[in-house]
Amino acid sequence: MKKRLLGLIVLLITAVVIAACSNDEKNSQEDSEPSDNFNATGYPVVDEPITLEIMGKRSPIQPEWQEMGFFQEMEELTNIQFEYRTSTSDDFTQNKQLAFASLDLPDLFYGADLTAGEEVDFGSQGLLIPLEDLIKEYAPNIQKLLDENPELAASITTPDGHIYALPALDQAATSRTPIMWMNGPWLEELGADRPSTMDEFYELLKRFKEEDPGNVGDVIPLTANTPADLRVGLLPNFGIVQDDGIYEEDGVVEFAWVQEEFKEYLKFLNRLYDENLLDNEMFAHTWEQFVAKGQRTGIFSTWPIVQVGFEDPSEALNYPMLPPMTSATNDEKQTIEYSEIFRGRAAITKDNEHPEATMRWLDYLYTEEGTILSRLGIEGETYEWNEDDQWILLSQDGLSTTETNSKHAPGVGTSVPMVLTDEFYSKEGGNPSILEIYDWANEDLIPYAKSPYPQVYFSVEEQQRISTLKVDIDSYFEQMEAKFITGGESIDEMWDEYVGTLMDLGVEELIEIHQAAYDRWLETQ
């Protein structure tokens, strides 16, 4: 409810923001000259230290950012210091919305999780500054990526011709499709195979519950951090591959939450919930509560090393991936394919008095050294190199490699700008099991992956209308999804009223906007 209210606040204040952020302000930002303290090349970026305010989403497994070696190393390199405004999960989303609504902006959003809509909305209003000229002048590493990858430039350029946020590139197969994981030791104890149909999946969950193969007592056969994680993991098995409810099929845009396949998905989860095969706390638990259940869970939505916890990375091979499955409503195995371009990772705001220096700080993250610092952390503390020039993650103080890694690398758990290539992943030498896991994804998931809807930007008017519509649509949908799954409302009895209410809230207009954007995108292909 708080999230929906904050979304409404953003919409109500938009007119005020537009008035406050005139073109003159934007132009003065673009025309300003860097100070004599600034170095356009070489390091440090500034001769005398400057302090900026940074805002980002901190993973629950990370320490406070000021304690992380990444930021300390970057300060030593660049002479740029930070004051930190971080929060986790939904708290960050709310704080980000409030920052825009109240105009209490940081200098830099980093690990920002900016949506395409936020880029268009707040970029067009002048709250986020255009970056393309700064890139050309001060960011040779980013510019090189754009020159070498025309698709990248097209993917991050909004309809008004500006780049308002910087992306990450991630070529790992495990990043390009959602994954749910299975408790392999339990499978082995039961002598069970991975399921290939939803009926087999149900029977496996029942066996987990009834036979307690891990001898843990209170078994949780299936869990996820959020209902959204469960949707991306299981809904494709019922025949819908969607992105936030939107998908395209044979050139026609559809809305997933009103389809019969989604109704069958809800019925299936309601059955699991009634029989205690689905985590009955899924709609209320925190991240910490979710991962604390690790030893009792059979199938889950986050990496085993986090969910179950172990120091030896090779133990990950005991937890296979849940494969795509067929069902009564779907005879085609499929899963979601994400682009290797992940937008909205960092942005500079209008309040930043040092945009040139900030861009140079960001540009370093697109070097090999910057990506290693972002993703691996501090050499000798969180990773080391072996004689074959391969990197090896370290474990300290009884922590797993992931927990150790997260102490100094923000790219562990936070969506930050970096360039993770196949070559980068191929250099992982201390954990051959991860290379096998990449092979699993390439064999078991990627062949069945398809993109639900292309990466598009909407016009300012379209985006404003989408933002208005989705406040009520999302709020109603999330409430009803929870009620349907938990049995608070009968799916069969309420379905027509539920669909009708969504239509009254503007689903047809939402589809029309996405169809128009899809048609424009198609013309460019």
Side-chain angles (χ1 to χ4, degrees), residues 3 59-61 88-90 93 113 174-175 177-184 186-187 194-195 198 201-202 204-206 208-209 214 216 218-238 240-245 256-257 262 264-309 316 319-325 327 335-336 338 402 413 415 441 445 452 474 477-488:
K3 185 163 59 175
S59 168
I61 65 173
T88 60
S89 194
D90 284 347
T93 301
D113 273 354
T174 51
S175 300
T177 188
I179 301 173
M180 296 199 73
W181 305 86
M182 309 186 70
N183 193 317
W186 290 10
L187 292 177
R194 293 189 302 162
M198 293 309 292
F201 180 70
Y202 168 76
L204 178 62
L205 296 180
K206 281 192 66 176
F208 283 163
K209 187 69 175 180
V216 295
D218 186 14
V219 174
I220 303 174
L222 172 65
T223 189
N225 183 32
T226 66
D229 287 345
L230 206 58
R231 268 180 248 133
V232 298
L234 294 183
L235 183 55
N237 302 321
F238 290 83
I240 295 179
V241 174
Q242 53 77 37
D243 180 11
D244 199 21
W257 314 149
F262 184 66
E264 293 305 312
Y265 165 82
L266 292 173
K267 286 184 175 182
F268 183 81
L269 291 189
N270 172 246
R271 181 185 184 188
L272 299 185
Y273 188 93
D274 283 347
E275 298 180 23
N276 286 312
L277 304 180
L278 172 64
D279 187 353
N280 279 198
E281 298 176 345
M282 184 182 68
F283 290 96
H285 61 201
T286 64
W287 166 265
E288 291 80 8
Q289 291 168 336
F290 163 61
V291 297
K293 303 170 184 177
Q295 297 290 342
R296 298 187 289 128
T297 56
I299 296 173
F300 42 88
S301 62
T302 195
W303 281 69
I305 197 169
V306 175
Q307 180 74 11
V308 180
Y319 297 86
M321 297 173 179
L322 181 69
M325 294 171 281
S327 67
T335 186
I336 301 172
Y338 300 131
T402 298
S415 302
L445 300 179
D474 288 352
F477 162 70
E478 290 172 6
Q479 291 174 28
M480 292 305 296
E481 179 189 41
K483 290 179 179 179
F484 285 149
I485 292 173
T486 62

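Looking at every heavy atom in both residues, F300 comes nearest to T302 through CD1-O, 3.2 Å. Taking both residues in full, the closest heavy atoms of E288 and P60 are given as OE2-CB, 3.6 Å, listed atom of the first, atom of the second, then distance. Between T88 and S59, the closest heavy-atom pair is CG2-C, 4.2 Å. Taking both residues in full, the closest heavy atoms of Y319 and P304 are given as CB-CG, 3.5 Å, listed atom of the first, atom of the second, then distance. Between S327 and M198, the shortest heavy-atom contact is CB-CG, 3.6 Å. Scanning all heavy atoms of the two residues, the minimum distance from T177 to I336 falls at OG1-O, 2.6 Å.
Evaluation of the side chain to side chain donor-acceptor pair (under 3.5 Å) rule for K267 yields D492 as partners, not counting sequence neighbours. With sequence neighbours excluded, the residues that form a salt bridge (charged side-chain N to carboxylate O under 4.0 Å, His left out) with D244 are K470. Under the rule for a ring-ring contact (aromatic ring centres under 6.0 Å, His included), the partners of F238 that lie at least two apart in sequence or sit in another chain are Y265, F268. In this structure P323 satisfies the side chain to side chain contact (heavy atoms under 4.5 Å, CB included) test together with M182, R194, sequence neighbours excluded. Annotation: side chain to side chain donor-acceptor pair (under 3.5 Å) contacts of E481 (sequence neighbours excluded): R231. Legend: residues meeting side chain to side chain contact (heavy atoms under 4.5 Å, CB included) with D229, ordered by chain and number and at least two apart, are A224, N225, T226, S301. Taking the side chain to side chain contact (heavy atoms under 4.5 Å, CB included) definition, one finds that V291 meets it with W287, V306, Q307, sequence neighbours left out. Shown here are the ring-ring contact (aromatic ring centres under 6.0 Å, His included) partners of Y202, two or more places apart in sequence or in another chain: there are none. By the side chain to side chain donor-acceptor pair (under 3.5 Å) test, T174 pairs with no residue at all, sequence neighbours left out. Qualifying side chain to side chain donor-acceptor pair (under 3.5 Å) partners for S175, counting only residues two or more places apart in sequence or in other chains: D170. Taking N280 as the reference, Y273, N276 meet the side chain to side chain contact (heavy atoms under 4.5 Å, CB included) condition, with sequence neighbours excluded.
The closest side-chain heavy-atom distance from P221 to I299 is not below 4.5 Å. When side chains are defined from C-beta on, L269 does not count as touching P227, because their heavy atoms never get closer than 4.5 Å. Looking at T486 and F283, their side chains come closer than 4.5 Å, going by heavy atoms from C-beta outward.
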Apply side chain to side chain contact (heavy atoms under 4.5 Å, CB included) to L234 and F201, showing your working. CA-CA 11 Å; L234 294 183; F201 180 70; 4.2 Å; yes

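The aromatic rings of F290 and H285 are tilted relative to each other, their planes meeting at an angle between 30° and 60°.
Considering OG1 of T297 and CG of L222, their distance stands at 9.5 Å, rounded to 0.5 Å. Interatomic distance, CG of D474 versus CD of Q479, reported as 11.0 Å (0.5 Å rounding). The structure places CD1 of I485 at 7.0 Å from CG of L230, a figure rounded to the nearest 0.5 Å.
Side-chain atoms of S415 never come within 3.5 Å of backbone atoms of D113 as a donor-acceptor pair (strictly under, hydrogens ignored).
Residue pairs meeting the salt bridge (Lys or Arg N to Asp or Glu O under 4.0 Å) criterion with at least one member in residues 291-305, sequence neighbours excluded, are D218-R296, D279-K293, E281-K293.
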